[in-house]
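Down below is the structure, laid out as structure tokens.
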Amino acid sequence: MNAVDKLPAPGAALRLVSGNHACALGAVAAGCRFFAGYPITPSSEIAERLSRLLPQVGGVFVQMEDEIASIAAVIGASMGGVKALTATSGPGFSLKQENIGYAAGAEVPCVIVNVMRGGPSTGMPTRPSQSDIMQTRWGSHGDYPMIVLAPASVREIYTETVRAFDLAETFRTPVVLLYDQVIAQLTETVEFPDIGDDARAERKWASGPREAYQPYAANEDGIPAMSRPGGGYRVHTTGLTHSESGFPTQNPEAVARNLGRLLTKFERHRDVIDSWQALDCDDADVLIVAIGISARAATRALATARAKGVRLGLFRPVTLWPFPETALRAAAKTARAVLVPEMNAGQLELEVQRILGGKRVYAMHRYDGEPITPADIAARAQALAQETAI
Amino acid sequence: MSSTIVDSAAEFDVRDYLRKEMMPHFLCPGCGHGIALRALLWAVHELGMDKDKLAVVSGIGCAGRLSAYIDANTFHVTHGRPLAYATGLALARPDLHVVVITGDGDCLAIGGNHLIHACRRNLKLTCLMLNNEVYGMTGGQVSPTTSETRLTTTTPLGNSEPNFDACALAAAAGASFVGREVTHHVPKLKELIRAGLAHPGFAFVEVLSDCTEIFGRKNELGSSAEMVLRQKSELRPSAYRDTVNTPFRSNDLPTGVLSKRDRPEYGAAYRKAAAAQRADAAAKDGARTGKGEF
Ligand SMILES: Cc1ncc(C[n+]2csc(CCOP(=O)(O)OP(=O)(O)O)c2C)c(N)n1
Ligand code: SF4
Ligand SMILES: [Mg+2]
């Protein structure tokens, strides 16, 4: 690879790329013009690609001194009005948590990629895992809203990276793109969809006179307009609990009002935020709920089982958080049992149990660094279908 | 530097640069941080800086609280990280003038890693570190700059850790502008900050400030006026040092511009290399057919 890495032309033909490479291409296509990161397996290819791509489009790449500095620089760039990305894996994702909470609380759009590897601690740097499902939702202290997207193929990494930026900008929030080492480093033939160059979401920018502008005004849609430094608004941004003015407050009513808006700001936009794939769910006796590489294994299991007359369905949340619960309930209608295969000691399972209270939810855990195979899922699901047969 | 001092005090009104809606401020009476804030705004005024293009990024602490009072684009970020936030902001928006306000704990303890790398990188930023030898905001615990033997709420036996010379540290890490001043000499402090703001790379300015209410009280250093006067007695030439009974700071702390180096500014260097790469790619693309190829 020479210093110039080619960008895909919109609507271009097939290309063989890895998941991490697709992420870098998706970011540039989405309008990302700033990346700050710190090397960590298995995410480093995103940084390496963007170090070549960003200068081509007038953007900035910087390798910072650690992951805390990386997320801080990303939020700083975004406060300057530029779409910004950082990418990391488990240990680095842990380090970023305090500042992800800052971005959520101060409502600064940004995208954070977490390529999951085996944990805890340094764990298994080159082996896949899905053990950060709960951390992506709850990793920072305090109550805060979060959007997490979980693509399952190289092509979907591309499209979900684009969507991550669109959601971050539209809803003024950090968005985490969460995928496992397998699809990060998997190389697939991808047909890059034409994502429509000009249709990309832009942040709602402040307009009108300075005196009338409130940096955290609820507006009709619950999303405050942001001001770009240099635009004459001269506002204050803080991680302290603030009122509509942006200045710190501990007044209980002001806190309840502003924190209340923050915590519920995604609720009325769930039609745009929720995304999932429901496969053969209409008549399924056993519903499988899975993400990432485990969902791909499940897709294969569905085909084998159906060939034997066993009715399996698959529900795959693409937006993992907030969890598409209405869609899950609908997908689980006919299911007598629900099976959650995941590469951890039991995380997605907890959310599925919460949503489908009353249904029998079974889990398949694997945390030895090997993916769960289609055969394992098919065997377990078929057994469940038999055990629960009426 | 003193020869260049222009007395602009008469036409400088600090209120032109403050957010009146934020008054009264929260600093304790006599706190040195307020003096430092005034000196910064005076320097901003003298340079004729556009408030709309001024971005102030501050960390957490009493020093970090200052950004909220400045009528500019202000960002009160997380503890220890203002330099990292400022790095992203300044790289993304080279049209802005980015100033960091940080405390000794914010900058040298939790944020020490960011400081040395900011010094090394030499991105255009002005870092104002308000050194009061203590964690003021959290109630007076020991900091990396607390003088030996000083009492703090976590050194009841007297501090036994050696302290940092922040300027020597910044210079060793490659900062292209390093200076130190005391809150006792406001016009000189203003001059130093002005020189730092005008510097085309990373400028590190340490301000010796007094935490009168907590550090001063704990160490029985007298009223805030007495504390400021002590700066004067302590910071005169070292030959006279022995005549001072209770030195406020036990280190030899020279003031003024302490080091200046001519080094390439990081942002400009990056943009230049990127532009060259784009020109190169455009030339190659012109020579090739399949432009949509990747
Ligand atoms: C991650 C984190 N750790 C600790 C704190 C608590 N804290 C707030 S301010 C501060 C120290 C501030 O000291 P300094 O930077 O010297 O500023 P000063 O108050 O003295 O001006 C600490 C430890 C925090 N806010 N965040
Ligand atoms: S606690 Fe100390 S540093 Fe903080 S405002 Fe009071 S005097 Fe100043
Ligand atoms: Mg301090």
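What you see below is based on every heavy atom in this structure, not just the backbone, and it leaves out hydrogens, waters and symmetry mates.
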Give me the atom names and distance for the closest heavy-atom approach of [X] to [Y].
X       : Y       : result
D52(B)  : G232(A) : OD1-CA, 3.1 Å
P229(A) : L96(B)  : CB-CD1, 3.8 Å
G230(A) : R93(B)  : CA-NH2, 4.4 Å
V82(A)  : A92(B)  : CG2-CB, 3.8 Å
Q63(A)  : R121(B) : O-NH2, 4.0 Å
P55(A)  : Y270(B) : CG-OH, 3.5 Å

Decide if atom [atom1] of [X] counts as having more than 12 heavy atoms of other residues, nucleotides or ligands within a radius under 6.0 Å.
X       : atom1 : value
N251(A) : CG    : yes
Y38(A)  : OH    : no
E21(B)  : CD    : yes

Kindly indicate whether the side chain of [X], heavy atoms from C-beta on, has any atom under 4.5 Å from the side chain of [Y].
X       : Y       : value
H117(B) : M64(A)  : no
T237(A) : T74(B)  : no
H236(A) : R19(B)  : yes
R81(B)  : Y102(A) : no
H114(B) : D66(A)  : yes

Rounded to the nearest 0.5 angstrom, the OG1-CD distance for T78(B) and E98(A) is 5.0 Å
Value for CD1 (I116(B)) from CD (E65(A)), rounded to nearest 0.5 Å, stands at 8.0 Å
Interface moiety of [X] toward chain A, non-hydrogen atoms closer than 4.5 Å:
X       : value
L91(B)  : both
A55(B)  : neither
S67(B)  : both
R271(B) : neither

If you tally heavy-atom pairs under 4.5 Å against chain B, which of [options] wins?
options                          : answer
A72(A), P248(A), G231(A), G81(A) : A72(A)
N99(A), V62(A), V57(A)           : N99(A)
S227(A), G80(A), G58(A)          : G80(A)

Practice prompt. Output, in order, the C-alpha distance, side-chain angles, deciding distance and verdict of side chain to side chain contact (heavy atoms under 4.5 Å, CB included) for R65(B) and L240(A).
Written response: CA-CA 11 Å; R65(B) 280 295 193 104; L240(A) 287 167; 3.6 Å; yes
Pair count under 4.5 Å, heavy atoms only, with chain A: among Y85(B), F75(B), Y266(B), highest is Y85(B)
If you measure from the Lys or Arg side-chain nitrogens to the Asp or Glu carboxylate oxygens, is any gap between D71(B) and R210(A) under 4.0 Å? yes
The interface call for A36(A) against chain B, heavy-atom contacts under 4.5 Å, is neither
